[in-house]
Amino acid sequence: MTERTLTVEEFNQLLQQWSGETIKITKQELEDEDSIIMQLNDISYETDTRRLDEYEPMHALHLNGTGTTQTNEQDLQPLPSSLYEIPLEDSTQYQFEGDRFSLVTERGSYTIERVR
């Protein structure tokens, strides 16, 4: 299957279909990589026009559910919250290939994939 670029609307439509699925979220920012396994219960978005600084995102994708985060090679810890936030920018690139989404922002990249 080939990778295709999506609009934010197409991304949202496809991702909404994954509610109830188990997903893996991989975040890569600078030299840091985190992996999370989550039972996805709900997907929502937030817009914050009253940001305190430029580091806070104006738009965010909220993935709601329960799960674990991998802190090192074998160490799994429960998520500290049932909400996982991905900052979105006007320049965010949304891509989809089969069972995997990729989001590329100025700060880093995120992969969301189904766990079978």
Side-chain angles (χ1 to χ4, degrees):
M1 179 160 285
T2 61
E3 187 171 89
R4 64 175 226 203
T5 301
L6 304 173
T7 65
V8 67
E9 292 83 6
E10 291 170 323
F11 167 77
N12 179 52
Q13 237 176 13
L14 289 169
L15 187 60
Q16 290 290 341
Q17 296 174 18
W18 287 17
S19 274
E21 300 273 345
T22 301
I23 61 169
K24 178 179 181 182
I25 307 161
T26 305
K27 174 187 81 168
Q28 292 181 307
E29 270 184 9
L30 303 173
E31 300 294 318
D32 185 35
E33 182 175 309
D34 298 322
S35 292
I36 291 169
I37 302 292
M38 173 186 276
Q39 178 65 40
L40 183 61
N41 296 331
D42 187 42
I43 300 148
S44 60
Y45 295 86
E46 178 181 85
T47 299
D48 184 2
T49 56
R50 298 184 321 190
R51 301 177 299 167
L52 297 177
D53 60 42
E54 290 299 314
Y55 190 73
E56 292 182 32
M58 181 175 285
H59 307 286
L61 166 64
H62 290 172
L63 303 173
N64 299 281
T66 57
T68 57
T69 182
Q70 188 168 353
T71 55
N72 62 34
E73 295 287 324
Q74 300 295 323
D75 192 19
L76 294 176
Q77 297 292 322
L79 289 176
S81 156
S82 63
L83 173 79
Y84 186 83
E85 181 178 275
I86 297 177
L88 302 176
E89 304 157 347
D90 291 338
S91 62
T92 298
Q93 297 173 25
Y94 304 91
Q95 294 158 346
F96 181 68
E97 182 179 3
D99 280 342
R100 184 170 77 194
F101 291 97
S102 298
L103 288 84
V104 180
T105 69
E106 289 181 18
R107 280 194 231 167
S109 64
Y110 298 81
T111 302
I112 303 168
E113 55 193 315
R114 281 194 234 214
V115 176
R116 301 257 176 209

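Keep in mind that this is a model prediction, so the values were computed, not measured.
Side-chain contact check for T5 versus F96: every heavy-atom pair is 4.5 Å or farther apart. In this structure, the side chains of T68 and L79 stay at 4.5 Å or more apart for every pair of heavy atoms. Side-chain atoms of I43 and S19, non-hydrogen and from C-beta on, do get closer than 4.5 Å to each other. Counting heavy atoms from C-beta outward, E85 and E46 have side chains that approach closer than 4.5 Å. Within the 4.5 Å cutoff, the side chain of S44 has heavy atoms near those of the N64 side chain.
In this structure, V8 is a member of the same hydrophobic cluster as Y84, with clusters built from ILVMFWY side-chain heavy atoms closer than 4.5 Å. No continuous path of hydrophobic side-chain contacts links Y45 to V104 [ILVMFWY only; heavy atoms under 4.5 Å].
Contact record, P78 with T69: O-CG2, 4.4 Å, taken as the closest heavy-atom pair. E3 and S102 get closest at one heavy-atom pair: OE2-OG, 4.4 Å. Among all heavy-atom pairs drawn from Y94 and T7, the shortest one is CD1-C, 4.4 Å. Closest of all the heavy-atom pairs between S35 and T26 is OG-OG1, 3.8 Å.
Of the possible donor and acceptor atoms, one in the side chain of E89 sits under 3.5 Å from a partner among the backbone N and O of E106.
Sequence neighbours left out, the pairs with a member in residues 12-35 that pass ring-ring contact (aromatic ring centres under 6.0 Å, His included) are W18-F101.
To the nearest 0.5 Å, atoms CZ (R107) and OG1 (T92) are separated by 9.5 Å. Atoms CD1 and CG, on I86 and L61 in that order, are 5.0 Å from each other to the nearest 0.5 Å. Here CG of L15 is found 6.5 Å from CG of L40. Values are rounded to the nearest 0.5 Å. Between E10 atom CD and R4 atom CZ the span is 5.5 Å, to the nearest 0.5 Å. Separating the OG atom in S82 from the NE2 atom in H62 is a distance of 11.0 Å, to the nearest 0.5 Å. To the nearest 0.5 Å, the span separating CG on N12 from CG on L6 amounts to 11.0 Å.
The environment of CD in Q13 is sparse: at most 12 heavy-atom neighbours from other residues, nucleotides or ligands sit within 6.0 Å.
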Does the side-chain contact (heavy atoms from CB on, under 4.5 Å) test come out yes or no for I36 and L63, once each step is laid out?
CA-CA 11 Å; I36 291 169; L63 303 173; over 6 Å; no
Steps toward side chain to side chain donor-acceptor pair (under 3.5 Å) verdict (T66, Q39)
CA-CA 5 Å; T66 57; Q39 178 65 40; over 6 Å; no
Applying side-chain contact (heavy atoms from CB on, under 4.5 Å), run through H59 and D90 and close with a yes or a no.
CA-CA 9 Å; H59 307 286; D90 291 338; 3.9 Å; yes
Please list, one pair per line, the donor and acceptor atoms closer than 3.5 Å that link side chains of residues 108-116 to other protein atoms, with sequence neighbours excluded.
residue	atom	partner	partner atom	Å
Y110	OH	E29	OE2	3.4
R114	NE	D99	OD1	3.4
R114	NH1	E21	OE2	3.4
R116	NE	D99	OD2	3.4
R116	NH2	D99	OD2	3.0

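D34 meets the salt bridge (Lys or Arg N to Asp or Glu O under 4.0 Å) test with K27; sequence neighbours excluded.
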